[in-house]
Chemist: 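Take this structure first; my questions come after.
Just so you know, ligand 1 is whichever comes first in the structure, and atom 1 is the first atom listed for that ligand. What you see is a predicted model, and the numbers here were worked out from it, not measured in a lab.
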Amino acid sequence: MAPITKADWIWKDGTFVKWEDAQLHLLATAVQFGTSVFEGIRCYDTPEGPAIFRLTEHLQRLVDSARTYNLDLKHDIPTLTKACVDAVSRNKLTGCYLRPVVLLGYGAAGLEADGSPTETYVPAFPWGTYLGADALQAGVAACVSSWQRAHPNTFPLMAKAAGQYLSSQLMKWEAKKNGFQEAIGLSPTGLVSEGTGMNIFLVWRGKVYTPALDGTLLPGITMDSVITLANDIGITIEPRQIPREMLYGADEIFFTGTAAEVTPVSSVDRKPIGSGKAGPITLALQKRYLDYAKGVLPDTHGWRTHVKS
Ligand SMILES: Cc1ncc(COP(=O)(O)O)c(C=O)c1O
């Protein structure tokens with residue numbers, strides 16, 4: 001996995017600080033207890049210059065995550081929008097990744113963190129294909145994880161909170177150790193939930209399904225984009241309950257996520273999916289998604305926020 005490629009500046013609560021100066025104390029509440037919510041957003045290099053994909057929806061989810069975790073986020077969506085646009089242009093980036101973070105800093109010793117300030121950062125930095133250079137074409141080998149996703153009303157999984165990613169890390173570590181590239185998590189009732197940082201779709205006898213929002217998965221913005229773009233070309237995607245064994249009999253499977261984009265799954269638990277190569281529906285939706293994000297298709301849904309260089 002590629003290390004972070006540093007940029008020069010990070011937006012912090014209304015000003016820019018040098019990349020190296022965006023530091024936290026060891027005893028910040030976010031470090032001790034994981035109290036940090038964040039977003040992962042891609043900016044694509046389009047023919048009209050850099051354009052951040054679905055920025056408003058990502059920032060709305062950040063606001064919702066902060067509200068869920070009682071973080072006193074002091075910036076509204078227009079302010080955060082400008083912060084993201086400025087973070088790209090100030091760092092002279094084109095295609096890149098943004099990772100806005102709202103966290104509790106240093107102050108309180110215990111869980112009742114009133115004494116810790118809420119700090120907001122917007123880093124932007126270059127980032128290529130998440131699951132490896134040829135993952136978008138060749139697909140990835142996935143396994144069903146021995147770790148389950150959390151039960152609803154334990155962790156609020158519609159929020160994107162750093163501490164919740166301990167579970168994703170366990171899944172990912174186990175998968176890699178056993179020779180897989182990705183893991184698929186099951187819900188506490190044993191139904192298919194999602195990947196470590198991505199949603200999952202499957203094509204089953206000509207129909208496309210994705211797990212219904214059941215409190216065990218993040219409602220992905222890429223998931224929403226893919227459902228909308230599929231609908232535009234007459235493919236209906238139905239959210240439903242998906243038993244594990246549907247994975248093994250699927251004609252096609254793919255992951256969606258801001259980082260993963262639309263990545264085919266070539267096998268699950270070493271059983272090839274379909275022909276073991278990316279299937280036609282996966283490739284059609286992947287192309288439509290990337291063409292839209294990269295500015296090849298017109299912005300009919302108003303999803304691109306342009307950055308003036
Ligand atoms: C656990 C999890 N599920 C799904 C997703 C996909 O969400 P999105 O498409 O909004 O990036 C992500 C990525 O943010 C994630 O971390």
Chemist: Return a yes/no value for S168: is any of its N or O atoms, backbone included, closer than 3.5 angstrom to an N or O of ligand 1?
Modeler: no

Chemist: Please confirm whether R42 makes a cation-pi placement over F53, using NZ or CZ under 6.0 Å from the six-membered ring centre and within 45° of the ring normal.
Modeler: no

Chemist: Would the number of heavy atoms belonging to other residues, nucleotides or ligands and lying under 6.0 Å from CG of N153 be above 12?
Modeler: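 At most 12 heavy atoms, drawn from other residues, nucleotides or ligands, come within 6.0 Å of this atom.
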
Chemist: Under 3.5 Å, is there a donor-acceptor pair linking the side chains of T216 and S187?
Modeler: no

Chemist: Honestly curious: do I184 and L218 fall in one hydrophobic cluster under the side-chain, below-4.5 Å linking rule?
Modeler: yes

Chemist: Please verify whether a non-hydrogen atom of R61 lies at under 4.0 Å from ligand 1.
Modeler: yes

Chemist: Going by heavy atoms, is E57 under 4.0 Å from ligand 1?
Modeler: no

Chemist: For H301 and Y292, take the angle between the two ring planes, folded into 0 to 90°, and tell me which bin it lands in: parallel under 30, tilted 30 to 60, perpendicular over 60.
Modeler: parallel

Chemist: Name the closest protein heavy atom to atom 6 (C) of ligand 1, giving the residue it belongs to and the distance to 0.1 Å.
Modeler: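 Minimum-distance protein heavy atom for atom 6 (C) of ligand 1 reads N199 OD1, 3.6 Å.
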
Chemist: What do you reckon, does T196 have a nitrogen or oxygen under 3.5 Å from a nitrogen or oxygen of ligand 1?
Modeler: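 T196 vs ligand 1: no N/O contact under 3.5 Å.
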
Chemist: What's the shortest distance from atom 14 (O) of ligand 1 to any protein heavy atom, and which residue and atom give it?
Modeler: K160 NZ, 2.6 Å

Chemist: Between T222 and ligand 1, is there a nitrogen or oxygen pair with a distance under 3.5 Å?
Modeler: yes

Chemist: Report, in ascending order of atom number, the atoms of ligand 1 lying under 4.0 Å from any heavy atom of G257.
Modeler: 6 (C), 9 (O), 11 (O)

Chemist: Is there a donor-acceptor contact under 3.5 Å from the side chain of N91 to the main chain of A87?
Modeler: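 Yes: the side chain of N91 pairs with the backbone of A87.
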
Chemist: Is a donor from one side chain sitting under 3.5 angstrom from an acceptor on the other, for T228 and N231?
Modeler: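 Checked: T228/N231 side chains show no N/O donor-acceptor pair below 3.5 Å.
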
Chemist: Measure from atom 7 (O) of ligand 1 to every heavy atom in G197, G195, G40, G220 and give the option owning the shortest one.
Modeler: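 Looking at heavy atoms only, G220 sits closest to atom 7 (O) of ligand 1.
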
Chemist: Can an N or O of E194 be found at a distance shorter than 3.5 Å from an N or O of ligand 1?
Modeler: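 Yes, there is a polar N/O contact under 3.5 Å.
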
Chemist: Got a sec: does the CH2 of W147 have more than 12 other heavy atoms crowding it under 6.0 Å?
Modeler: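 Counting neighbours around CH2 of W147, 12 or fewer heavy atoms of other residues, nucleotides or ligands fall under 6.0 Å, so no.
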
Chemist: How far is atom 11 (O) of ligand 1 from its nearest protein heavy atom, and which residue and atom is that?
Modeler: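 Protein heavy atom with the smallest distance to atom 11 (O) of ligand 1: T258 OG1, 2.6 Å.
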
Chemist: Can you pull out the closest protein heavy atom to atom 16 (O) of ligand 1? Residue, atom name and distance to 0.1 Å, please.
Modeler: Y165 OH, 2.4 Å

